[in-house]
Amino acid sequence: MAGFRAVVVTKGETGTKAELTTFDEADLMDGDVTVRVSHSTLNYKDGLALTGKAPVVRRFPMIPGIDFAGIVETSAHPDFKPGDAVLLNGWGTGETHLGAYAEKSRVKGDWLVPLPKDLSAAEAMAIGTAGYTAMLCVMALERHGLTPDRGPVIVTGAAGGVGSVATALLAKLGFHVIASTGRPQEADYLKGLGAAEIIDRAELSSPGKPLAKERWAGGIDSVGSHTLANVLAMTRYGGAVAACGLAQGMDLPTSVAPFILRGVSLLGVDSVMAPKALRLEAWSRLARDLDRAKLAALTSTVPLEQVIEAGSSILDGRIRGRVVVTIA
Ligand code: NDP
């Protein structure tokens, strides 16, 4: 297969353009493992890469797509051999390294994680980078000592990808989950994932006080900006909030008050460069702690041909849960 189907982003004088085309295998970048990609996903960052709305693509032409699952075709890496089922999240794929929206990808074997035995490629990508990040957030809260008996937890951007998986995971672990969403029509969906309460995100998205009434013991925030500032201001004494996203904004207009007067901790979570040991732990926990029926309920699927259109929808906040992209 010298040429294969791929979504390619190019840069011209008027900006960037994404199109489904044929890509030559000879133009793949260096790597010691070539993977026949079967599934990828649509993450917020992929929406930015596909539309060019933020400069996440650092090299042109680029094949976007920050995560994939597939089968090893050739390998010079000691840990992988042809036929192995693998997955990948981050490491700059779809940003600096040719990514996942293609029938083939060549990457460093060190970036790959074996597909957990209990997960299909489609299920692994239903989880995808958003779900794996949600698990990294859960693990960060657990390391802080947060347990269900400490009180409720809030999930912001709850109907999105990170938020949906975070809601399902925290509920399965026994937490009382307060889901914050701007889509009241998704209340039944969020309750189905295990949310105990739904609040309107408008309660959190405007400038608030440095400290406010204590409402939760911790939370997972994929929204940033005023929302994260208010979540921190409403966190109980000694609590912790894991922050991973910026759907409302990259700013954080807060004060030191929650940290120095209530001992609240802000736990930063990055999935892209996370070390391998943490990835392996997160994926084995996902295979164990994520209810498959709930995973199916939060997943929709698009073929590679429709991913460019779906990229605009995710930036408009019109995507619910997770989107799997079928490639082969
Ligand atoms: P989604 O678009 O699926 O979810 C984001 C959700 O945030 C939306 O569904 C919406 O939830 C809410 N939201 C959107 N716009 C606003 C706004 N203006 N104000 C308040 N809430 C808003 O994206 P993902 O779940 O894929 O990613 C979420 C965030 O996490 C992104 O910023 C992404 O870049 C980041 N991320 C970071 C990672 C890391 O390594 N740190 C890894 C993965 C993602 P609702 O409709 O329920 O209100």
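Remember, it's 1-based here, ligands and their atoms both numbered in the order they're listed. Quick note: numbers below take in every heavy atom, side chains included, and nothing from hydrogens, waters or symmetry partners.
Contact check for Asn230 versus Ser206: no side-chain heavy atoms found under the 4.5 Å cut-off.
For ligand 1, the polar-atom distance check against Gly161 finds a nitrogen or oxygen pair separated by under 3.5 Å. Checking only distances, Ile319 never comes within under 3.5 Å of ligand 1, N or O to N or O. Looking at ligand 1, you'll find an N or O of Ala159 within less than 3.5 Å of one of its N or O atoms. Close N/O approach between Gln248 and ligand 1 is not found [any backbone or side-chain N/O within under 3.5 Å]. On a distance-only criterion, Val269 and ligand 1 share at least one N/O pair closer than 3.5 Å. Looking at Arg201 next to ligand 1, an N or O pair under 3.5 Å apart turns up. In terms of polar-atom proximity, defined here as any N/O pair under 3.5 Å, Cys244 does make such a contact with ligand 1. Between Thr129 and ligand 1, no N or O atom pair is found at a separation short of 3.5 Å. Looking at ligand 1, you won't find any N or O of Lys45 less than 3.5 Å from one of its N or O atoms. The distance criterion of under 3.5 Å between nitrogen or oxygen atoms is not met by Gly321 with respect to ligand 1.
In this structure, Asp84 pairs ionically with Lys81, as a charged nitrogen and a carboxylate oxygen lie closer than 4.0 Å. A salt bridge links Glu103 with Arg5: the distance from a Lys NZ or Arg NE/NH1/NH2 to an Asp or Glu carboxylate oxygen falls below 4.0 Å.
Closest protein heavy atom to atom 26 (O) of ligand 1: Tyr44 N, 3.2 Å. If you check which protein heavy atom lies closest to atom 25 (O) of ligand 1, you get Val162 N, 2.8 Å. Nearest protein heavy-atom contact of atom 45 (P) of ligand 1 is Thr181 OG1, 3.4 Å. Counting only heavy atoms of the protein, atom 28 (C) of ligand 1 lies nearest to Ser222 CB, 3.8 Å. Atom 46 (O) of ligand 1 has its closest protein heavy atom at Arg183 NE, 2.7 Å. Ranking protein heavy atoms by distance to atom 14 (C) of ligand 1, first place goes to Ala247 CB, 3.7 Å. Scanning all protein heavy atoms for the shortest distance to atom 11 (O) of ligand 1 gives Gly157 CA, 3.3 Å. When only non-hydrogen protein atoms are considered, atom 4 (O) of ligand 1 lies nearest to Gly160 CA, 3.3 Å.
Here Thr133 has side-chain heavy atoms under 4.0 Å from ligand 1, and that is the only part of it that gets that close.
Applying the side chain to side chain contact (heavy atoms under 4.5 Å, CB included) criterion to Val302, with sequence neighbours excluded, gives Gln306, Val323, Val325.
Closest heavy-atom approach to atom 48 (O) of ligand 1 within the set Ser225, Gly182, Gly224: this belongs to Gly182.
The number of heavy-atom neighbours closer than 6.0 Å to CZ of Phe60, taken from other residues, nucleotides and ligands shown, is above 12. In Asp30, the CG atom is not crowded: 12 or fewer heavy atoms of neighbouring residues, nucleotides or ligands sit closer than 6.0 Å. Within a 6.0 Å sphere centred on CD of Glu309, other residues, nucleotides and ligands contribute 12 heavy atoms or fewer. With a 6.0 Å radius and a threshold of 12 heavy atoms from other residues, nucleotides or ligands, Lys276 has its NZ atom above the threshold.
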I'd like a table of donor-acceptor pairs (distance under 3.5 Å, sequence neighbours excluded) in which one partner is a side-chain atom from residues 149-177, with atom names and distances.
residue: Asp149; atom: OD1; partner: Thr147; partner atom: OG1; Å: 2.5
residue: Arg150; atom: NH1; partner: Gly145; partner atom: O; Å: 3.4
residue: Arg150; atom: NH2; partner: Gly238; partner atom: O; Å: 3.4
residue: Thr156; atom: OG1; partner: Asp221; partner atom: OD1; Å: 2.6
residue: Thr156; atom: OG1; partner: Ser222; partner atom: N; Å: 3.2
residue: Ser164; atom: OG; partner: Ala158; partner atom: O; Å: 3.3
residue: Ser164; atom: OG; partner: Ala159; partner atom: O; Å: 3.4
residue: Ser164; atom: OG; partner: Gly160; partner atom: O; Å: 2.7
residue: Ser164; atom: OG; partner: Tyr189; partner atom: OH; Å: 2.7
residue: Thr167; atom: OG1; partner: Gly163; partner atom: O; Å: 2.7
residue: His176; atom: NE2; partner: Glu197; partner atom: OE2; Å: 2.7

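Ring pair Trp111/His97 is perpendicular by interplanar angle, where above 60° counts as perpendicular and below 30° as parallel.
Side-chain contact annotation: Arg320 with Ser300, donor-acceptor N/O pair under 3.5 Å absent. Side-chain contact, Thr181 with Glu186: no donor N or O sits under 3.5 Å from an acceptor N or O. Looking at Thr34 and Arg106, their side chains do bring a donor and an acceptor atom within 3.5 Å of each other.
Within the listing of ligand 1, atoms 39 (C), 40 (O), 42 (C) sit less than 4.0 angstrom from a heavy atom of Ser271. The distance from ligand 1 to the heavy atoms of Leu246 drops below 4.0 Å at these ligand atoms: 32 (O). Taking every heavy atom of Gly245 and a limit of under 4.0 angstrom, the matching atoms of ligand 1 come to 29 (C), 30 (O), 32 (O), 35 (C).
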Check against side chain to side chain contact (heavy atoms under 4.5 Å, CB included), Val37 and Tyr101: CA-CA 8 Å; Val37 179; Tyr101 295 157; over 6 Å; no

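Using 4.0 Å as the threshold, Ala158 has a heavy atom nearer than that to some atom of ligand 1.
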